[in-house]
Amino acid sequence: MAARAQQTLRAGVYDNPPKVTAPASGRPGGIYVQVLDDVAAREGWRVTYVPGTFQEGLDRLERGTIDVMVDVARTPERERTLDFTNEAVLLSWNEVYARRGSDIRNLLDLQGRRVAVLASSVQEKFLLEAVRSFGVSPVIVRFESFEDAFEAVRKGVADAVVANPFFGNTHLRGLEDTSILFGPTTLHFAVRQGTHGALIAALDRRLAELRADPGSYFFREQQRLLRVQSPDHIPPWLVPAVAAFLAALVLAIGWAYTLRRDALRLRAALRALEDRGVELERANGDLQIVGYSLSHDLRSPLAAVQGFVQAVQHNAGAVLGGKEVNYLARSLAAAQRMDRMVRELATLLKLAGEPLRMEACDLSALAQDVVASLHERFETAPRITIAAGMTARADPGYMRIALENLLANAWKFSAAVTEPAIEVGRQEGGGRPVFFVRDNGAGFEMAQADRLFRPFSRLHSESEFPGTGIGLSIVHRVVTRHGGRIWAEAAPQQGATFYFTLA
């Protein structure tokens, strides 16, 4: 039934103050209730609020016993079954809170810890995505409300809790903000997919009007909620802007300090390589420390920079000039690229510091597995041929890293051709097998081939093909550690083939 034809609009609410309040008795409140009441009055609808937990609200929405749910984060998974307002009501992110005096200060500290989350919320998904690249596995404990989750931490049932700063910063009794931030997201009204299009359209129209009016109740309430997220009583857009600047400054200082410290460690590692086996072991330990420093000390402030820049884009975009908006977009892109570079540098150092675990390795199966994961990263779908029965004695983990970088490169550089094609195969050469990854993409001049495997050396511009210039250095390190060699053959606009052998 179209929303305008409804005399009564059933809206699901859950208690998540100060954004939305749903007391056991009395009328709900918060910015979502204000907007719904406003739109209902304009459209001639009556609103009946149906309180419950967040999970109950989603279940009711799916069954059709309510028409709209408030305060729902928009994610690709939810878009399969729900329709959202195009206009976001708020932008938020996720923070980790723990008992005062705890030793939880970064994502690595969550290894094996019990982390409380709101059942069916995006916090769990975003947390697991954030810790996955660090190899961290927290124990997830689900609760029906944020109040229960925070109380579980106070009572020692959980070690930490993930919540949005709207709720977290107003419920800190006995807890502290660990400054672990991740997963910026937009918050919307949601309806069951394919229903209530008129309602979504009416909400979008009114939200756009309210956002454009600095004197509206919506604008004032947004400012109040932003002050809740950031306790200092200064203009709300300035808090994330200053935070982004300070985070960037800390990042720059930390980067300089880390480079100096890491250079000293690397020099020590190189000297140690000339000594006996015990000194070699110590050098490997230093390299692992450097890799840890890169993957943690730099990535944490980078995550903060990205989150705060996104917050500034959303909260202050309407009052900034075009040049400032462009600066923010470029800053975000630079932070994201540096994060990729740090991850790949850490991988490169890890390859130097960890022993190989040699075993029979099915390269065909590894390539198939890598291709399946790359289909989720890239929009294009090239024709891919993988030879069967390719085996070698190698370290499966490292060979997966090598194949992932080679196949991702082939995927990226062939994306612009009409019929992209990638082949993974094997041929004989000099009495031992030669494996190869071939594409029909951009290719390159063979005169530049000697630069391919140098870290940060790129044969194409960032605007043509984004990347860090480290991937092929990683592949080279994997192959040479296996006692093999790698080389390439290519021509401009005729594709490239990367060959490698293993001992």
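Predicted, not measured: the structure shown is a model, and the values here were computed from it.
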Which one of R205, Q34, R206 satisfies the side chain to side chain contact (heavy atoms under 4.5 Å, CB included) criterion with V39?
-> R206
What residue among F146, F182, Y97 forms side chain to side chain contact (heavy atoms under 4.5 Å, CB included) with V162?
-> F182
Taking the side chain as C-beta and beyond, is there a heavy-atom pair between [X] and [Y] under 4.5 Å?
X    : Y    : result
R154 : R99  : no
L91  : T185 : no
V89  : F218 : yes
V96  : L181 : no
L110 : V115 : yes
L407 : L374 : yes
L61  : V72  : no

In plain terms, say whether [X] and [Y] are close enough for a salt bridge, that is, a side-chain N and a carboxylate O under 4.0 Å apart.
X    : Y    : result
R100 : D177 : no
R192 : E62  : no
R60  : D67  : no
K19  : E221 : no

Would you please test V68 and L199 for side-chain contact (heavy atoms from CB on, under 4.5 Å) and show each step?
-> CA-CA 9 Å; V68 61; L199 170 59; 3.9 Å; yes
Contacts of E87 meeting salt bridge (charged side-chain N to carboxylate O under 4.0 Å, His left out) (sequence neighbours excluded), chain-then-number -> R211
Apply side-chain contact (heavy atoms from CB on, under 4.5 Å) to F166 and N16, showing your working.
-> CA-CA 8 Å; F166 295 111; N16 189 8; 5.9 Å; no
Do the ring centers of F189 and Y32 come within less than 6.0 Å of each other?
-> yes
Establish, from distance only, whether the side-chain atoms of H188 and T186 form a donor-acceptor pair under 3.5 Å.
-> yes
Looking at residues at least two apart in the chain, or sitting in another chain, which of them share a ring pair (Phe, Tyr, Trp, His ring centres under 6.0 Å) with H171?
-> F167
